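A short worksheet on the structure shown next.
Heavy-atom basis, side chains included; hydrogens, waters and symmetry copies ignored. Remember, predicted model here, so these are calculated numbers, not experimental data.
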Amino acid sequence: YSLDLLWLHPLHSSNIFFSLFLYHEEKTAKAMVEGIDLLESILGKDLFKKEVEVIKTDRSTEFSDVEGLEKDNDGINSCLLLRCYAIMSERKSWEQPQGIGYICPKEAGLKELGLDSQQKANLMVSHINSQPKEKLKGKSLLEMMEFLSPDLYKKFIEFGIKKIENDEIILKPYLLK
């Protein structure tokens with residue numbers, strides 16, 4: 001099993017990225033391209049081009065098909081792929097969204113944790129992106145998205161991502177059980 005971890009930047013005037021996980025049965029370059037294609041189908045071409053300007057990834061082999069990741073099904077460039085070195089200290093700030101390390105500790109396998117579907121990936125995304133952020137004056141990324149990009153927010157709600165109330169946020173491995 002594999003998660004395609006994408007960082008979307010709907011809050012264009014800030015250095016804040018919304019985390020999205022796309023579930024895959026295999027960890028291949030083809031599966032990652034299919035994940036970007038899925039994201040485009042969720043959002044629609046126009047909203048995808050507007051909101052997904054840059055996709056940040058590491059330099060793992062599953063992200064090696066740069067052309068496939070940057071172009072849509074019609075062969076037109078639709079976004080820019082930024083492949084960063086995970087070992088560089090200045091890149092560490094985006095390596096893991098706050099909370100994923102608590103839900104999916106590095107030493108545990110995704111399957112063993114119970115991550116076996118897109119619905120469970122959406123559950124993780126919902127909890128992680130519902131956390132209030134100090135730099136957002138106590139608002140969550142989902143609340144900011146709802147305010148700044150209501151069309152994008154609506155598409156993610158339709159896809160199965162939802163706002164979790166603060167007292168119900170779970171950032172523990174048992175979330176996926």
- Query: Are the side chain of His127 and the backbone of Ile170 linked by a donor-acceptor contact shorter than 3.5 Å?
  - Reply: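 Flag set: sc His127 to bb Ile170 pair under 3.5 Å.
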- Message: Between Ser78 and Glu70 (side chain of the first, backbone of the second, donor and acceptor by atom type, cut-off under 3.5 Å), is there such a pair?
- Response: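 Side chain of Ser78 to backbone of Glu70, a donor-acceptor pair under 3.5 Å: yes, one is there.
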Donor-acceptor contacts, no H, no angles, side chain residues 36-48, under 3.5 Å, sequence neighbours left out:
residue: Ser41; atom: OG; partner: Leu38; partner atom: O; Å: 2.7
residue: Lys45; atom: NZ; partner: Asp72; partner atom: OD2; Å: 3.0
residue: Lys45; atom: NZ; partner: Asp74; partner atom: OD2; Å: 2.8

Could you measure the distance from the [atom1] atom of [X] to the [atom2] atom of [Y]? Nearest 0.5 Å is fine.
{"X": "Lys137", "Y": "Met144", "atom1": "NZ", "atom2": "CE", "answer": "10.5 Å"}
{"X": "Ile103", "Y": "Leu123", "atom1": "CD1", "atom2": "CG", "answer": "7.5 Å"}
{"X": "Ile128", "Y": "Tyr102", "atom1": "CD1", "atom2": "OH", "answer": "11.0 Å"}
{"X": "Lys139", "Y": "Glu146", "atom1": "NZ", "atom2": "CD", "answer": "10.0 Å"}
{"X": "Glu62", "Y": "Lys27", "atom1": "CD", "atom2": "NZ", "answer": "4.5 Å"}
{"X": "Leu69", "Y": "Met32", "atom1": "CG", "atom2": "CE", "answer": "9.0 Å"}

Can you sort out the partners of [X] under side chain to side chain contact (heavy atoms under 4.5 Å, CB included), two or more places apart, ordered by chain and number?
{"X": "Pro105", "answer": "Glu107, Ala108, Leu113, Pro173"}
{"X": "Glu112", "answer": "none"}
{"X": "Glu134", "answer": "none"}

Quick one: closest heavy-atom pair of [X] and [Y], and the distance?
{"X": "Ala29", "Y": "Asp65", "result": "CB-CB, 4.2 Å"}
{"X": "Leu22", "Y": "His24", "result": "O-CD2, 3.3 Å"}
{"X": "Ala31", "Y": "Glu26", "result": "CB-O, 3.5 Å"}
{"X": "Pro132", "Y": "Ile169", "result": "CD-CD1, 4.2 Å"}
{"X": "Ala121", "Y": "Tyr23", "result": "CB-CB, 4.4 Å"}

Under the side-chain hydrogen bond (donor to acceptor under 3.5 Å, both in side chains) rule, collect the residues that match up with [X], sequence neighbours excluded.
{"X": "Ser140", "answer": "Glu143"}
{"X": "Lys162", "answer": "none"}
{"X": "Asn122", "answer": "Gln118"}

Of all residues at least two apart in sequence or in a different chain, which pass the salt bridge (Lys or Arg N to Asp or Glu O under 4.0 Å) check with [X]?
{"X": "Glu67", "answer": "Lys71"}
{"X": "Lys49", "answer": "none"}
{"X": "Lys120", "answer": "Asp116"}

- Test item: Ile161 and Leu142 side chains (from C-beta on) under 4.5 Å apart, heavy atoms: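 Side-chain contact under 4.5 Å: yes.
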- Item | Heavy-atom side-chain contact between Leu20 and Phe156 under 4.5 Å |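 Yes, at least one pair of side-chain atoms sits under 4.5 Å.
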- Show your reasoning for whether side-chain contact (heavy atoms from CB on, under 4.5 Å) applies to Gln131 and Leu171. CA-CA 10 Å; Gln131 295 176 86; Leu171 300 176; 3.2 Å; yes
- State yes or no: do Ile76 and Val52 share one hydrophobic cluster built from I, L, V, M, F, W and Y residues joined by side-chain heavy-atom distances below 4.5 Å, directly or via other members?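 Each belongs to a different hydrophobic cluster.
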- Query: Which is it for Lys163 and Tyr153 under the side-chain contact (heavy atoms from CB on, under 4.5 Å) test, yes or no, and what are the steps along the way?
  - Reply: CA-CA 10 Å; Lys163 169 83 171 81; Tyr153 179 78; 4.2 Å; yes
